[in-house]
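A, B, ... follow the sequence lines: proteins, then strands. Residue 1 opens every chain.
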Number of protein chains: 2
Amino acid sequence: MSSLKFYYDLMSQPSRALFIIFRLSGMQFEDCVVALRNGEHLTDEFKLNINRFQRVPCINDNGYKLAESVAILRYLSAKGEIPEILYPKYFVKQARVDEFLEWHHISLRITCAMYFRTIWLDPLLTGRSPTEDKIEKLRMHMERNLDIIEEVWLAKSEFLTGATLTVADIFAACEIEQTRMADYDVRIKYPKIRAWLKRVRHSCNPHYDAAHAFVYKISGTGPQAKL
Amino acid sequence: MSSLKFYYDLMSQPSRALFIIFRLSGMQFEDCVVALRNGEHLTDEFKLNINRFQRVPCINDNGYKLAESVAILRYLSAKGEIPEILYPKYFVKQARVDEFLEWHHISLRITCAMYFRTIWLDPLLTGRSPTEDKIEKLRMHMERNLDIIEEVWLAKSEFLTGATLTVADIFAACEIEQTRMADYDVRIKYPKIRAWLKRVRHSCNPHYDAAHAFVYKISGTGPQAKL
């Protein structure tokens, strides 16, 4: 058994990103699935022993507890667990990937997550549906960032930060895939994103489909139908 | 003249954080002030030559353009420009600071920024004030994260990630200071944050007060009155 415990739920976008990255890297880790739907992260025991912020993903590396997906990625890269092709070690190249990872939090991530949450999750939990006006506003915020992915990040290259797949693409794809569950089809307006998502999936499979099995199921379409 | 151009506006929270970090580090840089209030970041020239995302802060290091404050910090740390005491080089210690920097984006940062924006900036730009209900909702979201600063991050130590000041404290303080301008007084509910802000200011001065001169002026109180 590996001494690295990985706590995750494949319904969580950054959990899926790390899951794919760990599998691609051939890392050994102990699967610790946390069922968010059952509130397993909300117990006092979880707060005390696993993650004081009561979220996933997080790790326990032989007693060292760490939260936040990007911090975990960087820690494991420094330990030599992540191949350089996925997360560059040379600081000038690494900064390009970091630029995306830092950009995405309050742009792509928050707006895709809010769209998913308000349209799919909240109605499930509360029984109340959002107004058309609210949906339109959330879609506009999200598409402002999808526009930047299409027109800026993918302007000149096959992947977000250059000619090859890095962790930036994996984090971004997992955020965008989440919106499938709220019946958003990113292919309609965004041909570059559509083609890039295919490349990301192809480069990451079979781990990409394994991570997204539940997302595909909920959205009612297989990966082929959508991508 | 230094070959590092630093583009910033002291009205921007991460601009202030980098300004303080650069000054504390004794770094040489060329001041490139961008007046957001005049839309200087919205021109085609800015997009083409300075930052394709049309935001500050950003840098141009002898031709290498980089955006996103945390990515810039890591890049300059790798170049040896940031003292180890402010941003640790040993990966286990660095991960603790990274954990905060990654946590803060969609928690402390976004909620403090939304509070400031909706209560101070939007009324200035549009002439319309938010409803009491909206203000209350934003305050609640922000305080959920201030609670975590007070009860989790500052639970056991003088600074956010340990016994001494790091960049994590500087980024966090700059986000919280922004809410002064929307007349929010963090001292009322949060005694630990109040004492910690004093320590951060003291550890960073005279650069902290230089960075916040405009914030103090807008909020109508000097630093002594507030902290």
Side-chain angles (χ1 to χ4, degrees), chain A residues 14 47 51-55 57-59 61-81 88-114 145 148-149 151-153 155-156 161 168 171 175, chain B residues 13-14 47 51-55 57-59 61-81 88-114 145 148 151-153 155-156 161 168 171 175:
Chain A
K47 186 173 186 177
N51 180 0
R52 65 203 192 281
F53 307 113
Q54 302 191 273
R55 301 202 295 202
C58 59
I59 61 168
D61 185 21
N62 210 14
Y64 183 78
K65 291 187 275 188
L66 189 64
E68 293 301 319
S69 53
V70 176
I72 292 168
L73 164 82
R74 290 174 51 82
Y75 168 83
L76 292 170
S77 163
K79 282 192 78 173
E81 299 279 8
K89 287 203 185 302
Y90 176 50
F91 76 101
V92 179
K93 288 194 170 182
Q94 189 177 95
R96 276 285 158 253
V97 179
D98 284 347
E99 188 182 50
F100 179 84
L101 294 176
E102 299 306 320
W103 175 82
H104 98 297
H105 290 293
I106 62 166
S107 50
L108 185 73
R109 169 158 173 65
I110 192 84
T111 57
C112 287
M114 285 304 293
N145 292 293
I148 299 175
I149 296 280
E151 293 159 17
V152 181
W153 289 105
K156 296 178 192 161
T161 61
F171 274 94
E175 294 299 336
Chain B
Q13 307 89 305
K47 186 174 185 175
N51 179 1
R52 64 203 193 282
F53 306 114
Q54 302 192 274
R55 300 201 296 203
C58 59
I59 60 167
D61 185 22
N62 210 13
Y64 183 79
K65 291 187 275 188
L66 189 64
E68 293 301 320
S69 53
V70 176
I72 292 168
L73 164 83
R74 285 180 185 145
Y75 168 83
L76 292 170
S77 163
K79 281 192 78 173
E81 298 279 9
K89 287 203 184 305
Y90 176 51
F91 76 102
V92 179
K93 288 194 171 183
Q94 189 177 95
R96 276 285 158 253
V97 179
D98 284 348
E99 188 182 51
F100 179 84
L101 294 177
E102 300 305 322
W103 174 84
H104 98 296
H105 290 293
I106 63 167
S107 51
L108 185 73
R109 170 159 173 63
I110 192 84
T111 57
C112 287
M114 286 303 292
N145 292 293
I148 298 176
E151 293 159 17
V152 181
W153 289 104
K156 295 178 194 162
T161 62
F171 274 94
E175 295 298 338

Most contact-rich option vs chain B, by heavy-atom pairs under 4.5 angstrom, among A:R55, A:R52, A:K47, is A:R52
Is any side-chain heavy atom of A:I106 closer than 4.5 Å to a side-chain heavy atom of B:I106? yes
Picking from B:A78, B:S69, B:A95, which has the most non-hydrogen pairs under 4.5 angstrom with chain A? B:A95
Side chain, backbone, both or neither: which part of B:F53 has a non-hydrogen atom closer than 4.5 Å to chain A? side chain
Going by heavy atoms in the side chains, are A:D98 and B:E68 under 4.5 Å from each other? no
Looking only at side-chain N and O atoms, does A:R74 offer a donor or acceptor that is under 3.5 Å from a partner on B:Q94? yes
Once the angle between the rings of B:H105 and A:H105 is folded into 0 to 90°, is it parallel (under 30°), tilted (30 to 60°) or perpendicular (over 60°)? parallel
Is A:I72 close to B:E102 at the side-chain level, that is, under 4.5 Å between some pair of heavy atoms? no
Heavy-atom distances under 4.5 Å only: say whether B:V92 touches chain A with side chain, backbone, both or neither. both
Out of B:L66, B:L101, B:I110, B:D61, which one racks up the most heavy-atom pairs below 4.5 Å with chain A? B:L66
Nearest atoms (heavy-atom pairs only) where A:E99 meets B:A67: OE2-N, 2.7 Å
Using a 6.0 Å cut-off, check whether atom NZ of A:K93 has over 12 heavy atoms from anything other than its own residue. no
Distance, nearest 0.5 Å, that separates CD of A:Q54 from CD1 of B:I148: 9.0 Å
Quiz item: cation-pi between B:R96 and A:Y64, 6.0 Å / 45°: yes
